[in-house]
Number of protein chains: 2
Amino acid sequence: MAMSYIGSHILDRELKKGSAELLILSLVEDQPRHGYDIGNLIEQRSEGVLRFNVASLYPLLYRLEKRGWIQGRWVEKAGQRRRRYYRLTPEGKKVLAAQRNSWREFVEAVNRITGIEHA
Amino acid sequence: MAMSYIGSHILDRELKKGSAELLILSLVEDQPRHGYDIGNLIEQRSEGVLRFNVASLYPLLYRLEKRGWIQGRWVEKAGQRRRRYYRLTPEGKKVLAAQRNSWREFVEAVNRITGIEHA
DNA sequence: GGACTATATGTCGCTTAGTAATATATGGCT
DNA sequence: AGCCATATATTACTAAGCGACATATAGTCC
(Lines give C-alpha, C1' and ligand atoms only; values in the text may rest on other atoms or scores of the structure.)
Protein backbone atom coordinates (compact mmCIF):
# COMPACT_ATOMS: atom_id res chain seq x y z
CA MET A 1 0.00 0.00 0.00
CA ALA A 2 1.56 3.19 -1.21
CA MET A 3 0.26 5.27 1.69
CA SER A 4 2.60 3.47 3.99
CA TYR A 5 5.42 5.39 2.37
CA ILE A 6 4.06 8.64 3.75
CA GLY A 7 6.15 9.62 6.68
CA SER A 8 9.12 9.15 4.39
CA HIS A 9 10.80 6.23 6.05
CA ILE A 10 12.61 5.62 2.80
CA LEU A 11 13.89 9.16 2.61
CA ASP A 12 15.02 9.08 6.22
CA ARG A 13 16.84 5.82 5.78
CA GLU A 14 18.64 6.91 2.66
CA LEU A 15 19.65 10.27 3.99
CA LYS A 16 21.34 8.79 7.00
CA LYS A 17 23.83 7.02 4.76
CA GLY A 18 25.63 10.02 3.41
CA SER A 19 25.70 11.99 6.60
CA ALA A 20 26.89 9.13 8.79
CA GLU A 21 30.59 9.85 8.35
CA LEU A 22 30.12 13.52 9.05
CA LEU A 23 28.18 12.77 12.23
CA ILE A 24 30.80 10.39 13.60
CA LEU A 25 33.76 12.60 12.75
CA SER A 26 32.03 15.56 14.40
CA LEU A 27 31.35 13.64 17.59
CA VAL A 28 34.94 12.49 18.08
CA GLU A 29 36.33 15.90 17.22
CA ASP A 30 36.62 17.27 20.76
CA GLN A 31 37.03 14.08 22.74
CA PRO A 32 37.54 10.34 22.16
CA ARG A 33 34.31 8.34 22.20
CA HIS A 34 33.36 4.67 21.89
CA GLY A 35 30.85 3.28 19.39
CA TYR A 36 27.96 2.71 21.73
CA ASP A 37 28.31 6.24 23.06
CA ILE A 38 28.33 7.66 19.53
CA GLY A 39 25.17 5.75 18.65
CA ASN A 40 23.35 7.01 21.71
CA LEU A 41 24.51 10.61 21.27
CA ILE A 42 23.23 10.72 17.71
CA GLU A 43 19.86 9.44 18.78
CA GLN A 44 19.57 11.75 21.77
CA ARG A 45 20.84 14.95 20.18
CA SER A 46 18.67 14.45 17.10
CA GLU A 47 15.70 13.77 19.36
CA GLY A 48 15.10 10.43 17.67
CA VAL A 49 15.23 11.75 14.11
CA LEU A 50 18.51 9.93 13.45
CA ARG A 51 19.13 6.43 14.71
CA PHE A 52 22.06 4.12 14.07
CA ASN A 53 21.84 0.40 13.56
CA VAL A 54 24.74 -1.40 15.23
CA ALA A 55 25.27 -3.38 12.05
CA SER A 56 25.93 -0.05 10.31
CA LEU A 57 27.74 1.77 13.08
CA TYR A 58 30.55 -0.64 13.89
CA PRO A 59 31.50 -1.49 10.27
CA LEU A 60 31.49 2.25 9.55
CA LEU A 61 33.88 2.87 12.45
CA TYR A 62 36.20 0.19 11.05
CA ARG A 63 36.09 1.82 7.62
CA LEU A 64 36.91 5.25 9.03
CA GLU A 65 39.78 3.80 11.04
CA LYS A 66 41.11 1.89 8.02
CA ARG A 67 41.16 5.15 6.05
CA GLY A 68 43.15 6.76 8.85
CA TRP A 69 40.53 9.35 9.74
CA ILE A 70 40.00 8.07 13.27
CA GLN A 71 42.22 6.04 15.58
CA GLY A 72 40.80 3.55 18.07
CA ARG A 73 42.25 2.12 21.27
CA TRP A 74 40.86 -0.44 23.71
CA VAL A 75 40.12 0.67 27.24
CA GLU A 76 39.40 -1.93 29.91
CA LYS A 77 37.96 -1.08 33.28
CA ALA A 78 36.82 -3.37 36.09
CA GLY A 79 33.07 -3.85 36.20
CA GLN A 80 32.72 -2.85 32.58
CA ARG A 81 32.80 -4.46 29.20
CA ARG A 82 35.83 -3.32 27.19
CA ARG A 83 35.31 -0.23 25.09
CA ARG A 84 37.07 0.97 21.97
CA TYR A 85 37.61 4.72 22.10
CA TYR A 86 38.11 6.55 18.82
CA ARG A 87 39.83 9.89 18.41
CA LEU A 88 40.09 12.11 15.35
CA THR A 89 43.45 11.94 13.51
CA PRO A 90 45.09 14.98 11.90
CA GLU A 91 44.00 13.64 8.52
CA GLY A 92 40.50 13.08 9.87
CA LYS A 93 40.42 16.71 10.90
CA LYS A 94 41.04 17.79 7.31
CA VAL A 95 38.39 15.39 6.05
CA LEU A 96 35.90 16.69 8.60
CA ALA A 97 36.47 20.27 7.46
CA ALA A 98 35.98 19.22 3.84
CA GLN A 99 32.84 17.26 4.67
CA ARG A 100 31.34 20.17 6.57
CA ASN A 101 31.79 22.30 3.45
CA SER A 102 30.31 19.57 1.24
CA TRP A 103 27.37 19.28 3.59
CA ARG A 104 26.68 23.02 3.49
CA GLU A 105 26.92 23.09 -0.31
CA PHE A 106 24.70 20.07 -0.59
CA VAL A 107 21.98 21.48 1.67
CA GLU A 108 22.00 24.78 -0.19
CA ALA A 109 21.73 23.02 -3.55
CA VAL A 110 18.81 20.84 -2.45
CA ASN A 111 17.04 23.79 -0.86
CA ARG A 112 17.44 25.82 -4.03
CA ILE A 113 15.91 23.08 -6.20
CA THR A 114 13.15 22.01 -3.83
CA GLY A 115 12.20 25.57 -2.98
CA ILE A 116 12.84 25.24 0.73
CA GLU A 117 13.78 28.43 2.56
CA HIS A 118 15.84 28.22 5.70
CA ALA A 119 14.76 30.54 8.48
CA MET B 1 45.97 7.00 -0.88
CA ALA B 2 43.62 8.27 1.75
CA MET B 3 44.04 11.90 0.72
CA SER B 4 42.07 11.19 -2.40
CA TYR B 5 39.00 11.05 -0.22
CA ILE B 6 39.37 14.71 0.62
CA GLY B 7 36.86 16.63 -1.37
CA SER B 8 34.31 14.18 -0.05
CA HIS B 9 33.29 12.43 -3.21
CA ILE B 10 31.96 9.63 -1.06
CA LEU B 11 29.84 11.95 1.02
CA ASP B 12 28.49 13.67 -2.06
CA ARG B 13 27.61 10.41 -3.74
CA GLU B 14 25.87 9.00 -0.70
CA LEU B 15 23.94 12.13 0.09
CA LYS B 16 22.41 12.26 -3.34
CA LYS B 17 20.66 8.97 -2.72
CA GLY B 18 18.24 10.07 -0.08
CA SER B 19 17.41 13.42 -1.57
CA ALA B 20 16.82 12.14 -5.07
CA GLU B 21 13.11 11.52 -4.62
CA LEU B 22 12.56 14.91 -3.06
CA LEU B 23 14.37 16.62 -5.92
CA ILE B 24 12.34 14.88 -8.61
CA LEU B 25 9.00 15.38 -6.90
CA SER B 26 9.78 19.07 -6.41
CA LEU B 27 10.68 19.56 -10.06
CA VAL B 28 7.46 18.06 -11.42
CA GLU B 29 5.32 19.89 -8.86
CA ASP B 30 4.40 22.90 -11.00
CA GLN B 31 4.67 21.43 -14.48
CA PRO B 32 5.18 18.06 -16.19
CA ARG B 33 8.78 17.32 -17.09
CA HIS B 34 10.63 14.54 -18.86
CA GLY B 35 13.61 12.64 -17.44
CA TYR B 36 16.34 14.27 -19.45
CA ASP B 37 15.01 17.69 -18.53
CA ILE B 38 14.94 16.77 -14.84
CA GLY B 39 18.53 15.56 -14.96
CA ASN B 40 19.71 18.76 -16.58
CA LEU B 41 17.73 21.02 -14.27
CA ILE B 42 19.21 19.38 -11.19
CA GLU B 43 22.71 19.85 -12.53
CA GLN B 44 22.15 23.45 -13.63
CA ARG B 45 20.26 24.70 -10.60
CA SER B 46 22.72 23.09 -8.20
CA GLU B 47 25.58 24.61 -10.19
CA GLY B 48 27.13 21.19 -10.67
CA VAL B 49 26.96 20.16 -7.00
CA LEU B 50 24.31 17.55 -7.79
CA ARG B 51 24.47 15.36 -10.86
CA PHE B 52 22.30 12.45 -11.90
CA ASN B 53 23.49 9.33 -13.61
CA VAL B 54 21.02 8.08 -16.22
CA ALA B 55 21.27 4.60 -14.76
CA SER B 56 19.94 6.07 -11.51
CA LEU B 57 17.51 8.62 -12.88
CA TYR B 58 15.33 6.48 -15.14
CA PRO B 59 14.92 3.54 -12.74
CA LEU B 60 14.04 6.03 -10.03
CA LEU B 61 11.34 7.58 -12.23
CA TYR B 62 9.89 4.10 -12.80
CA ARG B 63 9.84 3.45 -9.07
CA LEU B 64 8.11 6.72 -8.32
CA GLU B 65 5.54 6.03 -11.02
CA LYS B 66 4.99 2.48 -9.75
CA ARG B 67 4.27 3.90 -6.29
CA GLY B 68 1.72 6.26 -7.80
CA TRP B 69 3.54 9.44 -6.84
CA ILE B 70 4.09 10.58 -10.41
CA GLN B 71 2.26 9.74 -13.64
CA GLY B 72 4.05 9.60 -16.98
CA ARG B 73 2.76 9.94 -20.53
CA TRP B 74 4.54 9.69 -23.86
CA VAL B 75 4.67 12.76 -26.05
CA GLU B 76 5.81 12.47 -29.67
CA LYS B 77 6.66 15.42 -31.84
CA ALA B 78 8.10 15.58 -35.33
CA GLY B 79 11.82 16.24 -35.39
CA GLN B 80 12.20 15.00 -31.81
CA ARG B 81 12.80 11.76 -30.04
CA ARG B 82 9.80 10.70 -27.97
CA ARG B 83 9.71 12.05 -24.44
CA ARG B 84 7.97 10.76 -21.35
CA TYR B 85 6.50 13.62 -19.34
CA TYR B 86 5.83 13.03 -15.66
CA ARG B 87 3.36 14.97 -13.56
CA LEU B 88 2.80 14.89 -9.79
CA THR B 89 -0.24 12.88 -8.67
CA PRO B 90 -2.45 13.91 -5.72
CA GLU B 91 -0.79 11.21 -3.65
CA GLY B 92 2.62 12.42 -4.81
CA LYS B 93 1.68 15.87 -3.56
CA LYS B 94 1.13 14.49 -0.06
CA VAL B 95 4.38 12.56 -0.18
CA LEU B 96 6.23 15.66 -1.33
CA ALA B 97 4.89 17.67 1.60
CA ALA B 98 5.91 14.90 4.01
CA GLN B 99 9.37 14.61 2.46
CA ARG B 100 9.91 18.36 2.68
CA ASN B 101 9.21 18.14 6.41
CA SER B 102 11.51 15.13 6.78
CA TRP B 103 14.21 16.98 4.93
CA ARG B 104 13.95 20.01 7.20
CA GLU B 105 13.98 17.85 10.32
CA PHE B 106 16.93 15.90 9.02
CA VAL B 107 19.00 18.97 8.18
CA GLU B 108 18.29 20.49 11.58
CA ALA B 109 19.28 17.27 13.34
CA VAL B 110 22.55 16.93 11.44
CA ASN B 111 23.38 20.60 11.96
CA ARG B 112 22.74 20.26 15.67
CA ILE B 113 25.08 17.28 16.00
CA THR B 114 27.82 18.49 13.69
CA GLY B 115 27.78 21.98 15.12
CA ILE B 116 26.91 23.72 11.87
CA GLU B 117 25.04 26.99 12.18
CA HIS B 118 22.80 28.10 9.36
CA ALA B 119 22.96 31.80 8.53
C1' DG C 1 29.21 11.20 -47.30
C1' DG C 2 31.33 10.65 -42.65
C1' DA C 3 32.26 12.07 -37.94
C1' DC C 4 30.73 14.19 -34.14
C1' DT C 5 27.58 16.31 -30.77
C1' DA C 6 23.19 17.03 -28.35
C1' DT C 7 18.93 15.17 -27.23
C1' DA C 8 16.30 11.29 -25.01
C1' DT C 9 15.44 6.83 -23.15
C1' DG C 10 16.85 2.22 -21.65
C1' DT C 11 19.57 -1.83 -19.49
C1' DC C 12 23.49 -5.04 -17.53
C1' DG C 13 26.56 -6.20 -14.12
C1' DC C 14 29.41 -4.81 -10.44
C1' DT C 15 29.86 -3.05 -6.05
C1' DT C 16 28.73 -0.66 -1.93
C1' DA C 17 26.40 -0.45 2.12
C1' DG C 18 22.20 -0.53 5.16
C1' DT C 19 19.49 -3.73 8.13
C1' DA C 20 17.29 -7.65 10.70
C1' DA C 21 18.71 -11.13 13.24
C1' DT C 22 21.78 -13.29 16.06
C1' DA C 23 25.80 -13.81 19.17
C1' DT C 24 28.96 -12.86 23.06
C1' DA C 25 30.07 -10.81 27.54
C1' DT C 26 29.40 -8.05 32.02
C1' DG C 27 26.75 -6.02 35.73
C1' DG C 28 22.59 -4.42 38.12
C1' DC C 29 17.74 -4.73 39.39
C1' DT C 30 13.66 -7.31 40.98
C1' DA D 1 16.32 -16.97 37.53
C1' DG D 2 14.76 -13.50 34.34
C1' DC D 3 15.26 -9.21 32.32
C1' DC D 4 17.37 -5.00 30.92
C1' DA D 5 21.28 -1.85 29.85
C1' DT D 6 25.82 -1.71 28.33
C1' DA D 7 29.22 -2.80 24.53
C1' DT D 8 31.11 -4.99 20.55
C1' DA D 9 30.70 -8.17 16.54
C1' DT D 10 29.11 -10.98 12.40
C1' DT D 11 26.15 -13.18 8.81
C1' DA D 12 22.91 -13.17 5.19
C1' DC D 13 19.72 -10.56 2.67
C1' DT D 14 18.49 -6.69 0.04
C1' DA D 15 18.34 -2.12 -2.20
C1' DA D 16 20.29 0.92 -5.11
C1' DG D 17 23.97 3.85 -7.33
C1' DC D 18 27.05 3.82 -11.20
C1' DG D 19 30.21 2.82 -15.29
C1' DA D 20 29.56 1.12 -19.50
C1' DC D 21 27.01 0.11 -23.27
C1' DA D 22 22.91 0.36 -26.42
C1' DT D 23 19.30 2.60 -29.33
C1' DA D 24 17.20 6.40 -31.90
C1' DT D 25 16.69 11.22 -34.03
C1' DA D 26 18.44 15.56 -35.77
C1' DG D 27 21.72 19.08 -36.52
C1' DT D 28 26.66 20.79 -37.44
C1' DC D 29 31.26 20.74 -39.39
C1' DC D 30 34.72 19.36 -42.77
Residues Glu65(B) and Arg73(B) bridged, charged N to O under 4.0 Å: no
Presence of salt bridge, Arg67(A) and Glu91(A), under 4.0 angstrom: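 Salt bridge: no.
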Test item: Arg84(A) side-chain N/O and Gly72(A) main-chain N/O as donor-acceptor pair under 3.5 Å: yes
Donor-acceptor contact present, side-chain Arg100(A) to main-chain Thr114(B), <3.5 Å: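 Yes, Arg100(A) side chain to Thr114(B) backbone: donor-acceptor pair under 3.5 Å.
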Side-chain N or O of Arg81(B) closer than 4.0 Å to phosphate OP1/OP2 of dG10(C):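 Result: no.
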Given atom [atom1] of [X] and atom [atom2] of [N], what is their separation to the nearest angstrom?
X: Leu57(B); N: dG19(D); atom1: CG; atom2: C1'; value: 16 Å
X: Arg73(B); N: dT9(C); atom1: CZ; atom2: C1'; value: 17 Å
X: Ile24(A); N: dG18(C); atom1: CD1; atom2: P; value: 9 Å

Close N or O pairs between protein and nucleotides 9-11 of chain D (under 3.5 Å):
| from | atom 1 | to | atom 2 | distance (Å) |
| --- | --- | --- | --- | --- |
| dA9(D) | OP2 | Tyr62(A) | OH | 2.6 |
| dA9(D) | O5' | Tyr62(A) | OH | 3.1 |

Interatomic distance, His34(A) atom NE2 to Leu61(A) atom CG [nearest 0.5 angstrom]: 11.5 Å
Strand-adjacent residues in residues 25-32 of chain A, judged by heavy atoms under 4.0 Å from DNA chain D: none
Given Ile24(A), Leu22(A), Leu23(A), the one that forms side chain to side chain contact (heavy atoms under 4.5 Å, CB included) with Ser26(A):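 Answer to the side chain to side chain contact (heavy atoms under 4.5 Å, CB included) test with Ser26(A) among Ile24(A), Leu22(A), Leu23(A): Leu22(A).
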Residue Tyr36(B), side-chain atoms from C-beta onward, closest of dA6(C), dG18(C), dA24(D): dA6(C)
Heavy-atom side-chain proximity of Tyr58(B) to Tyr36(B) below 4.5 angstrom: yes
Parallel, tilted or perpendicular: ring planes of Trp103(A) versus Phe106(A), cut at 30 and 60 degrees: tilted
